[in-house]
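Below is one structure; the comments refer to it alone.
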Protein chains: 2
Amino acid sequence: MPKGITREKVVEAALELLDDKGIEGVTVRALAERLDVRAPALYWHLRNKQELLDEMSTTVLRRIADELPPPGSDWREDLAAYARVLRAEYLRHRDGARTFSGARVSDPELVVRVKEPLYQSWTKAGLTLQEADDALDVVVAFVVGFVIEEQERLQSADADPTRYSLAERDAGLGEHAPLTKDAGHLRDSSEERFERHLGIVLDGLAARHVRRDPPPRPRRTR
Amino acid sequence: MPKGITREKVVEAALELLDDKGIEGVTVRALAERLDVRAPALYWHLRNKQELLDEMSTTVLRRIADELPPPGSDWREDLAAYARVLRAEYLRHRDGARTFSGARVSDPELVVRVKEPLYQSWTKAGLTLQEADDALDVVVAFVVGFVIEEQERLQSADADPTRYSLAERDAGLGEHAPLTKDAGHLRDSSEERFERHLGIVLDGLAARHVRRDPPPRPRRTR
DNA sequence: ACCTGAACACCGTTCAAGT
DNA sequence: ACCTGAACACCGTTCAAGT
């Protein structure tokens with residue numbers, strides 16, 4: 001491996017380390033070893049560990065921005081696409097949701113690159129800017145919460161397969177919790193639940209919009 | 001201070017330490033000092049630090065369960081109450097949302113205590129068990145995501161008041177982002193946004209329910 | 001049963017010194 | 001400009017030994 005360490009390569013290596021060892025394993029020393037330098041070398045390229053974490057989050061957000069399709073004719077579809085891309089990128093990395101959510105994004109331009117076209121398109125389609133802003137925030141909050149829970153479940157199932165097994169769960173639950181028990185059994189796959197729950201959130205946005213603010217009928221010029 | 005350290009007192013002290021110093025400050029050594037013992041003493045009462053964190057989460061969830069009003073006649077109100085209590089308890093502790101969300105709850109009986117009465121009440125009111133389960137999950141996901149973002153913003157504003165100031169933000173944003181800029185200005189208080197966004201989510205649940213499964217008209221016996 | 005002292009293998013970070 | 005060696009003030013955890 002050639003030795004020219006750059007800021008970008010450090011961040012990239014940190015993301016690989018995250019996938020291999022989880023967030024607890026992302027230490028300055030382990031990262032240095034992976035890059036074949038001594039730990040203090042990293043401080044030439046980054047101010048401190050927090051800056052490293054911020055850069056990791058920014059890199060992931062940049063990928064999200066790149067994968068996002070351009071806005072179409074339906075704000076509902078734009079939001080669904082955003083939600084799916086966000087979830088996919090979080091799931092792609094071990095501890096992704098916890099690590100990247102609520103992160104400080106070092107590049108404000110990036111936020112604009114994601115938001116501005118959506119706001120543009122949606123306000124043109126009849127949403128108020130408030131509605132557009134709310135829509136994005138509600139969907140992001142939902143996705144973050146969903147994936148944190150989902151990933152915790154997935155990862156503990158990996159570590160300890162009995163932990164989320166239905167049989168274990170039922171045994172621990174006792175007799176006076178029939179509905180909680182039944183609810184556990186009707187849980188479908190993560191994928192289906194995500195799509196259904198996302199649909200619920202989008203329905204809520206649609207309900208508000210339709211109730212408050214029917215879009216103006218297009219006028220024909222003749 | 002009397003010296004009888006118990007598991008409960010350790011967890012309580014850990015929550016105080018969390019509020020004082022944040023999650024980074026919750027170390028075994030600092031906790032021991034606060035309890036006036038040496039660090040290894042804590043390992044008599046807890047298997048390891050993870051167990052401490054699990055117990056902290058469980059304690060908070062127990063408080064949530066205690067504060068929850070009994071289910072009423074309107075599932076929408078039950079959910080709103082749950083969402084508000086959850087948010088309030090997370091906000092009550094520094095780094096609360098990140099620390100307690102997606103946590104391993106050591107006491108399964110506690111989950112039942114929260115869920116079973118709600119499932120009972122809602123299915124009696126005409127929801128399917130699937131709808132009831134989805135409703136709880138969607139609302140919890142939304143609250144977790146909302147408060148993670150909210151708390152990150154609140155706490156960085158405390159640490160560095162320029163960070164989220166509108167003037168700073170506008171300056172960094174450039175000319176080609178008018179809508180993103182305007183959206184920043186129409187942001188109202190956390191409280192209002194939370195209530196409005198919660199309303200959106202609840203509308204979504206109502207929309208699904210009404211569309212799929214109108215509740216049976218009550219029949220009068222005479 | 002409950003706690004301490006000493007130790008182990010780690011952390012993030014600084015800084016003078018090297019090239 | 002970029003990196004190292006040595007050091008500092010920390011971590012979580014174990015374990016023999018004390019009471």
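Just so we're on the same page: letters track the sequence lines, and every chain starts at 1.
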- Residues of residues 12-25 of chain A with a heavy atom under 4.0 Å from any atom of DNA chain C, listed by number, are none

- Set of residues satisfying salt bridge (Lys or Arg N to Asp or Glu O under 4.0 Å) with respect to A:Glu149, sequence neighbours excluded: A:Arg153

Taking distance alone, no hydrogens or angles, what donor-acceptor pairs closer than 3.5 Å link side-chain atoms of residues 21-30 of chain A to residues at least two apart or in another chain?
residue : atom : partner : partner atom : Å
A:Thr27 : OG1  : A:Ala30 : N            : 3.0

- All pairs passing salt bridge (charged side-chain N to carboxylate O under 4.0 Å, His left out) where residues 181-192 of chain A contributes a residue, at least two apart: A:Arg87-A:Glu191, A:Arg187-B:Asp133, A:Arg187-B:Asp137, A:Asp188-A:Arg196

- Tell me: CG of B:Leu35 to P of C:dC3, nearest whole Å? 10 Å

- Item | Where DNA chain D forms stems, i.e. three or more consecutive Watson-Crick or G-U pairs with both distances under 3.5 Å | C:4-8 with D:12-16, C:12-16 with D:4-8

- Query: Who pairs with A:Tyr90 by ring pair (Phe, Tyr, Trp, His ring centres under 6.0 Å), at least two apart in sequence or on another chain?
  - Reply: none

- Sorted by chain and number, sequence neighbours left out, ring pair (Phe, Tyr, Trp, His ring centres under 6.0 Å) with A:His45 holds for none

Could you list, one pair per line, each protein nitrogen or oxygen that sits under 3.5 Å from a nitrogen or oxygen of nucleotides 13-17 of chain D, together with the distance?
residue : atom : partner : partner atom : Å
D:dT13  : OP2  : B:Tyr43 : OH           : 2.6
D:dT13  : OP2  : B:Lys49 : N            : 2.9
D:dT13  : O5'  : B:Tyr43 : OH           : 3.2

- Set of ring pair (Phe, Tyr, Trp, His ring centres under 6.0 Å) partners for A:Tyr119, sequence neighbours left out: none

- Provide, to the nearest angstrom, the distance between the CH2 atom belonging to A:Trp44 and the P atom belonging to D:dG5. 18 Å

- Query: For B:Val140, which residues count as a side-chain contact (heavy atoms from CB on, under 4.5 Å) partner, sequence neighbours excluded?
  - Reply: B:Tyr82, B:Leu86, B:Val144

- Message: Which residues pass the side chain to side chain donor-acceptor pair (under 3.5 Å) test with B:Thr58, not counting sequence neighbours?
- Response: B:Ser106

- Note on the structure: Applied to residues 164-173 of chain B, the side chain to side chain donor-acceptor pair (under 3.5 Å) test, sequence neighbours excluded, yields B:Asp170-B:His185

- Query: Around B:Glu33, counting heavy atoms of other residues, nucleotides and ligands shown, do more than 12 lie under 6.0 Å from its CD?
  - Reply: no

